[in-house]
Structures are given as C-alpha cells and as structure tokens.
Amino acid sequence: MSDGIFLDARKRLDAALQHVRLSPDTVERLHYPKSVLKVSVPVRMDNGALKIFPGYRVRYDDTRGPAKGGIRYHPNVSPDEVTSLAFWMTFKCAVLNLPFGGGKGGITVNPKALSRTELERLSRGYIDAVADFIGPDIDIPAPDVYTNQMIMGWMMDQYSIIKRRITPAVITGKPLSMGGSLGRETATAKGAYHAIRVMMKRKNRDLKDLRVAIQGFGNAGAELAEMLFNDGCTIVAVSDSRGGIFKQDGLHIPTVRQRKKATQKLEALYADGSVLESQDHDRITNEELLELDVDLLIPAALEGVITEHNAGRIKARTIIEVANGPTTGAAEAILAEKGIDVLPDILANAGGVTVSYFEWVQNRQGMYWTEEEVAQRLEQRMVTETECVLALAEEKGVTLRLAAYIHALHRLEDASASRGTEDYFRRRA
Ligand code: GLU
C-alpha cells in the first residue's frame, strides 16, 4: 500500500478530538506508536537457498492492557500499513471494552508463492525474531489477512519452545487442540452480522428486503455472506482478488462457497480457488462491485478501496466495513455528503478480536467454554456497543465513525487519566 495510510488514519483521530475534551496527555500519546520493531526473517527455502523477508510488529498503545492484533502476510505489508492497523486495533479494543491496547504485525511476502514447509519456517522464524517483544501480558498476536489457525499453531509452538514452557495465551486464533476457542473462526462474520442486525432494526429495515454486495470472499466475507443469505438477504454480488460474480435476483451462496472450495489447491491453507469457478453468473470487476446499486455494500478485503476517485459513484445506502480501513478519509467526506452511512471497521469487524479476548481468558483460566457460551458473550458485547455507538451518533449528530472514535476515546482517556495526567501534576505542584 502507498505511504500515507497512517497520516490518513490519524486525521480521523483529530476529527474525533474536536468533539471530546481530553487531557493533553491522552492526545499526545495517541498520536504516536509506542514501539515499532522491524526484523529480517531468514528462511531456508526448499531449494536450499536462504531468503530474507522483512517483518514488523507495532505496539501502538497499551494504556488499556497488553497490545492485541493480528499478523498479516501480504506483498504490500509496510511499516506504514502495520502502524495504521495497530492504531485501528487500539480503538477497536476500546470500542468493545476489551482490556487490550492495539498492536499489529506483518511480513512482506506473497504467501501463496511459498510451499507449506517454507511457510512453516517463515512463521517460526518470525516468532524467533519477535519473541522478546510479545507475550501474554505484553502483546498478543492473532490471524489477519492470509494467516490462519495452522500458522497460529506453529507460532504458539515456536514461542513455547523458546520460553521452554507451554504458553497458549501468547497468541489467539489457534487450532482447538492447542488451546483455540470454539467460535473464533466465524467470530468476525458473526460480530458484523450482529452489528448489521442492530443497525437495520434501528432503521426499521427487514433483513429480507436487503440487497447486498460483498467484496472479499475470505474467512469473514464468505461466512458473513452465508449468514445474511440464510436470513433471506439477496446477495447480488461477491468477489475475491481475481474478480467478482453478479446475479440480479441473488446468488446461491452455499453453492458459490462449495465451488470455490472444490478448486482449492492448498485446501487447508488458503482459499486458492475463486468465486469465478461459479460459471452461471455474470462476471464483474472488483471496482464495478463497489458501485452497484445495493442496500448494503460490504468491503471485506483490504484497505483503501473506497477513495475520492470512486466515492462519488457509490450507490449503496449503507457501507459495512468488514475490512480494516477500506474507506479513505477523503472518500468518507463525499459519502457523508451523499447521506451514505458507514458502519466503521473498528466496530463492524470487532467480533474477531472479541473472541480472541475470550480465547485468551480461557487459556489463562484453563477452563474452556462451549460454543453457545462464546456465541452468547459475543452477541451481548456486539449488541451493547453497537447500540451505544448508534445512540451517540444520533445524540451528537455525527457520523457513526466519529461516534465510535468518541466512544473509544472516553475509555482511553479514563485509562490514561488513571495513570496521572498533566492536570493532576499541575495541581500538586
Ligand atoms: N486481525 C483481526 C483484526 O483486525 C483480529 C485481531 C485479533 O484477534 O487480535 O481485528
């Protein structure tokens, strides 16, 4: 991704700061990442050659608890992107009232070009490089774009080897047999689903009347598509990195998923098949999908897809940000003018980190919950915080994103003030 994502992200903070009175300490703190680690991860490739991959881990803020956030494997991973993602995690954890700060990691790599054994060596090598920087009480990684359960398992194992003790709470999104939580795989989609339900109820809209387009058919996008499909929504279009499919009277999502799966090359690793394997539908590009006339547009892939260049052509009534950072600041101003509501990433996709928190709790107490317990707790948190954000937006007459940031800032301010602020020390002097 091009440089400048972080500056764009920080502008959102500055906009929110116009609506809340915070101590200068909190404001100052939130403008900078706490620490940024850059590492070189050496990998012995299958052909015997040694290759170095650049890796990062950013701890943005840990005022509310240990840093929390995923690890991304993608050719576009850069320090700027990882810092922005860590910044968003800080606010996401605060919106959901999780006792965590924000962190993120990444490796600049095309994981689809690696063999399974190379991928394992890369994942273990990354943990070798960042082991002193992470920990159950310091910074807890998880999956993100192109990382998954299997990779989290390798990473937890490597960390445990280094520390010479089994440490499941160092990482979340693990396989069940290594201390993973039931319900983690579907958590991001379920969280978004609850947020959509609450939002549509407030708008007096029945899910059955909604026409939906979803960009991104990975873990979150595909699960959410199926949940909405099962509830009677008409999913007119879905896409993945290779392109999209469109059907005016609605796609049969279980069939699309099945066909995509059937063509996977690395079944357990990546959804390497494409939604394009579904032959009976019109093809559309990812760009065309974003401009469809639908009720809900759900970007569920990467950041920066709705920009000032296409925002004017967006016809959706509501955007649900399941990806992190899909809408740029400049685009948002255009959307607001057009009256398009945007349910922001730091709320809409927070289900994943919420169940990561449950996983961490279960690891630390050594007692595991049923799938129903996890689902209930997730629903309760998502519904409560979504209702809070919707009410705050109405009360203050601001966008949902601003409301979510304001909601998070109050919690961040409390944590910062509890440590002693400028005001406190001035008064004592
Ligand atoms: N990568 C996910 C996110 O962006 C999950 C992070 C986590 O579970 O810690 O929210």
Side-chain angles (χ1 to χ4, degrees), residues 5 9 56-62 64-74 77 81-107 130 134-136 138-149 151-153 155-156 168-175 179-192 195 216 218-221 223-224 299-303 320-326 343-363 374 377-378 381-382 385 404 408:
I5 316 172
Y56 308 90
R57 185 76 197 170
V58 174
R59 211 180 297 156
Y60 196 86
D61 183 82
D62 58 5
R64 301 188 72 257
K68 184 85 192 80
I71 298 170
R72 175 173 294 200
Y73 287 0
H74 196 277
V77 163
E81 184 192 47
V82 181
T83 305
S84 310
L85 289 160
F87 170 90
W88 289 321
M89 287 307 302
T90 303
F91 289 89
K92 196 186 297 186
C93 292
V95 170
L96 267 288
N97 208 9
L98 311 177
F100 290 139
K104 203 78 173 199
I107 304 182
V130 304
I134 60 171
I138 307 170
D139 179 0
I140 306 134
D144 195 73
V145 172
Y146 291 146
T147 53
N148 56 18
Q149 265 195 3
I151 293 172
M152 296 305 111
M155 288 183 166
M156 192 285 263
V170 70
I171 205 156
T172 59
K174 301 178 293 292
S181 175
L182 288 165
R184 176 63 185 85
E185 285 276 275
T186 53
T188 308
K190 269 207 180 127
N219 176 21
E223 279 291 340
L224 181 58
L302 291 170
E303 63 269 15
I320 310 288
E321 293 188 332
V322 170
N324 286 309
L343 191 73
D345 47 5
I346 57 170
L347 173 63
N349 72 25
V353 70
T354 301
V355 176
S356 274
Y357 164 53
F358 298 160
E359 181 172 331
W360 179 79
V361 169
Q362 292 170 78
N363 291 154
V374 172
R377 287 177 201 257
L378 171 63
R381 257 178 208 262
M382 284 305 303
E385 303 303 338

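Just follow the structure's listing: the first ligand is 1, and inside any ligand the first atom is 1. Quick note: residue numbers are just sequence positions, from 1.
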Check your understanding: Mind checking whether Ile107 and Tyr56 have side chains closer than 4.5 Å, heavy atoms only?
Key -> no

Review point. Quick one: does Gln149's side chain get under 4.5 Å of Lys174's, heavy atoms only?
Key: no

Practice item. Verify the distance criterion only: is there a donor paired with an acceptor across the side chains of Ser181 and Gln362 at less than 3.5 Å? Key: yes

Exercise for review: Examine the side chains of Thr172 and Lys68 and answer whether a donor and an acceptor come within less than 3.5 Å of each other.
Suggested key: yes

Revision key, fill the gap. Those residues at least two apart in sequence (or on a different chain) that pass salt bridge (Lys or Arg N to Asp or Glu O under 4.0 Å) with Arg59 are none

Check your understanding: Applying a heavy-atom distance cut-off of 4.0 Å, which protein residues contact ligand 1?
Key -> Lys68, Gly69, Gly70, Met89, Lys92, Lys104, Ala142, Pro143, Asp144, Arg184, Asn324, Gly352, Val353, Ser356

Study note, to complete from the structure: Rounded to the nearest 0.5 angstrom, the CD1-CD1 distance for Ile134 and Ile71 is 6.5 Å

